[in-house]
Structure formats: structure tokens, C-alpha cells
Amino acid sequence: MRNTIIILMIAVLFRLTSMHFVNNVKTTNMKNVMHDVLHSYIPDLRYKKVIEKHYDTYSSIPILMYILLCIYKSNYESLNNYTILFSLMHIIRCIFYSMTILPDPSGKCRFGKINSISTFFDFILRGTCGDLIFSGHTATILLSWKFLEDDFNIPSCVGLIHTTGMIGTMMTLRKHYSIDVIIAILVTSLLYNNKHPIVSYISDL
């Protein structure tokens, strides 16, 4: 448990440091939105505030469901494993989006100063302007559904429908490029498929 807390704190530290870095890098082309195949064919709903308002609530469903089920079933070992993979995944994500900084696909993101607790958690949980490769929402939700399927026998079709809806909404809001989603799926799948050796290694450090 001690190592789990340590890696979670490292993930938060990585998040804070990388978040500051990517939003203060001076580049000449950060205002130019890059071409994306999906953006060319799906609706643009960036200015639909009602969708934006419920996007994060919808996205958080599997995360909250998993945590509550673990507490209800007293399955703290699974919660511990989830926390380790969650933390490691976000450390990797911080490294990825700090190495290659893409311009905001919505063209309307603004990174302000962290001047309150609410702003701090808003930036930590919801994201900022330059943290694109890879999609944190996709990775976290996919990881949560994989744990829900294996630990609580939730049908895989439920996770597939929810994740597809979330990715579709995310793309219509122009929050990410297609490549961000693809890399998120690949990284999350790779981590989850190696769950046991990863958790064992970190727990034994």
C-alpha cells in the first residue's frame, strides 16, 4: 500500500510539472489546428454548452462505479492494483504529451493561473490545453471498464457502448485528435495485459 501511495503522488507531481511545461512552451504554430480525419467527417459541437457541461459527468461513470463497487465489496486489493496502473498510465501520459506538444484542436482552450483549490482540481482532472497525446479520458475510462469486466463481471458490451459514446462526444467537442485516442487504447491495453507483473514489481520495490 505504501508503494501505491508513492506512485500516485509521483503521478500527481508529474501532472503538475508537465502541465506547467506544455502550457508555457513558446512555439510558432501552436495556434494552427492540425488536420484530423475524424474531424473532417463528424459534426462540430464545440459551442454546444449543454454537451460540454455533461461530458465530464458522463466520462466519470465507470471510474466512480469501480471505486464504489470496490468499497462495497471490500475488494481493496483490486482497488490497489487499479491505483497502481492508473498512476503509471498517467506518468507515461505526462511524458508523451511533454515530448510532442500538439496545438489545441478546439482552438478555444485557455490555460490560466492556478489560483484556487477548485481551479487546481479542474486542471488536474479535466486537463489543460497542451495535454493531448494521449487522451487521458479514453485511457482512464478504458482502464476502469477493463477492471469492471474482470473484477465484477460487468458485460464487455456495456463498456464498449459507453466508451464509444464518450470518444464520439470528445471528438465532436474537438477535445482531442484521433491519434490521441488510438495511442490511449494501445497504451492502456498494453498496461492492462501486463497487469500482474507490473503490480507485483511495484509492490515489491
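Given the structure is predicted, the values throughout are model-derived calculations rather than measurements. Worth knowing before you read on, the calculation uses all heavy atoms, side chains too, and leaves out hydrogens, waters and symmetry mates.
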Got a second to check how far [X]'s [atom1] is from [Y]'s [atom2], nearest 0.5 Å?
| X | Y | atom1 | atom2 | answer |
| --- | --- | --- | --- | --- |
| Leu132 | Asp104 | CG | CG | 6.5 Å |
| Glu149 | Cys157 | CD | SG | 9.0 Å |
| Asp56 | His54 | CG | NE2 | 11.5 Å |
| Asp180 | Leu102 | CG | CG | 6.0 Å |
| Lys146 | Leu142 | NZ | CG | 5.5 Å |
| Ser87 | Ile5 | OG | CD1 | 10.5 Å |

Of all heavy-atom pairs between [X] and [Y], which one has the smallest distance, and what is that distance?
| X | Y | value |
| --- | --- | --- |
| Ala139 | Met89 | CB-SD, 3.3 Å |
| Ile91 | Ala11 | CG1-CA, 3.6 Å |
| Ile42 | Met171 | CD1-CB, 3.3 Å |

Are Ile61 and Tyr58 close enough, and set up right, to give a side chain to side chain contact (heavy atoms under 4.5 Å, CB included), and what steps lead you there? CA-CA 6 Å; Ile61 290 173; Tyr58 176 77; 4.2 Å; yes
Just wondering, more than 12 heavy atoms not from Tyr201 lying within 6.0 Å of its OH?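 Counting neighbours around OH of Tyr201, 12 or fewer heavy atoms of other residues, nucleotides or ligands fall under 6.0 Å, so no.
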Check Ile202, Thr83, Leu85 against Ile7 for a side-chain contact (heavy atoms from CB on, under 4.5 Å) and give me the one that passes.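 So, applying the side-chain contact (heavy atoms from CB on, under 4.5 Å) to Ile7 and each of Ile202, Thr83, Leu85, only Ile202 qualifies.
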So, are Arg93 and Asp131 salt-bridged, with charged N and O less than 4.0 Å apart?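 The answer is yes: the pair qualifies as a salt bridge.
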Are His176 and Phe134 close enough, and set up right, to give a ring pair (Phe, Tyr, Trp, His ring centres under 6.0 Å), and what steps lead you there? CA-CA 9 Å; His176 276 283; Phe134 47 88; 9.3 Å; no
Please name all residues satisfying ring pair (Phe, Tyr, Trp, His ring centres under 6.0 Å) with Phe14, sequence neighbours left out, ordered by chain then number.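 For Phe14 there are no ring pair (Phe, Tyr, Trp, His ring centres under 6.0 Å) partners, ignoring immediate neighbours.
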Hydrophobic cluster partners of Val37 (side-chain heavy atoms under 4.5 Å):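 Same cluster as Val37: Tyr41.
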Give me the other members of the hydrophobic cluster that Leu64 sits in, counting Ile, Leu, Val, Met, Phe, Trp and Tyr linked by side-chain heavy atoms under 4.5 Å, directly or via other members.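 Listed partners: none, Leu64 stands alone.
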Taking a hydrophobic cluster as the set of Ile, Leu, Val, Met, Phe, Trp and Tyr residues connected by side-chain heavy atoms closer than 4.5 Å, whether directly or through intermediates, do [X] and [Y] fall within one such cluster?
| X | Y | result |
| --- | --- | --- |
| Met170 | Ile182 | no |
| Ile161 | Tyr55 | no |
| Leu88 | Met9 | no |
| Leu173 | Met34 | yes |
| Ile67 | Ile84 | yes |

Mind jotting down which residue pairs meet the ring-ring contact (aromatic ring centres under 6.0 Å, His included) criterion with at least one end in residues 178-197? Sequence neighbours excluded, please.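 Sorted result for residues 178-197: Phe147-Tyr192.
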Would you check if the side chain of [X] reaches a backbone N or O of [Y] as a donor-acceptor pair within less than 3.5 Å?
| X | Y | result |
| --- | --- | --- |
| Thr138 | Ser135 | no |
| Asn193 | Lys195 | no |
| Ser40 | Asp36 | yes |

Thr17: side-chain contact (heavy atoms from CB on, under 4.5 Å) partners, not counting sequence neighbours: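 Listed in chain order: Leu13.
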Could you tell me which residues satisfy side-chain contact (heavy atoms from CB on, under 4.5 Å) with Ser200, sequence neighbours excluded, listed by chain and number?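 With neighbours one apart ignored, the set is Asp204.
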Could you work out, with side chain to side chain donor-acceptor pair (under 3.5 Å) as the rule, every residue matching [X], not counting sequence neighbours?
| X | answer |
| --- | --- |
| Ser98 | none |
| Thr188 | none |
| Asn3 | none |
| Asn194 | none |

Would you mind reporting whether [Y] and [X] have side-chain heavy atoms less than 4.5 Å apart?
| X | Y | answer |
| --- | --- | --- |
| Phe21 | Cys94 | no |
| Leu143 | Pro62 | no |
| Ile92 | Leu191 | yes |
| Met65 | Phe152 | no |

What do the steps show when you test Thr140 against His90 for side-chain hydrogen bond (donor to acceptor under 3.5 Å, both in side chains), and what is the final call? CA-CA 9 Å; Thr140 304; His90 280 279; 3.0 Å; yes
Do you see a donor-acceptor pair shorter than 3.5 Å between the side chains of Asn75 and Ser78?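 Note: Asn75 and Ser78 side chains meet the donor-acceptor criterion.
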Pair Ser178, His39: side-chain N/O donor-acceptor within cut-off below 3.5 Å: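 Side chains of Ser178 and His39: no pair found under 3.5 Å.
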Report the C-alpha distance between Ile133 and Met99 in whole Å, list the side-chain angles of each, state the deciding distance to 0.1 Å, and finish with yes or no for side chain to side chain contact (heavy atoms under 4.5 Å, CB included). CA-CA 9 Å; Ile133 296 178; Met99 291 178 67; over 6 Å; no
Provide the full list of side-chain hydrogen bond (donor to acceptor under 3.5 Å, both in side chains) pairs with a residue in residues 60-73, sequence neighbours left out, each pair given once.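 Residue pairs with at least one partner in residues 60-73: Tyr66-Asp151.
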Any side-chain hydrogen bond (donor to acceptor under 3.5 Å, both in side chains) involving residues 161-172? Give me the pairs, sequence neighbours left out, ordered by first then second residue.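 Qualifying pairs: Trp145-His162.
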Please evaluate residues Tyr76 and Ile71 with respect to the criterion side chain to side chain contact (heavy atoms under 4.5 Å, CB included), reporting the C-alpha separation (whole Å), side-chain torsions for both, the decisive distance (0.1 Å), and the verdict. CA-CA 7 Å; Tyr76 298 112; Ile71 294 172; 4.3 Å; yes
Would you call the rings of Tyr82 and Phe86 parallel, tilted or perpendicular, where under 30° means parallel and over 60° means perpendicular?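 Rings of Tyr82 and Phe86: parallel, under 30°.
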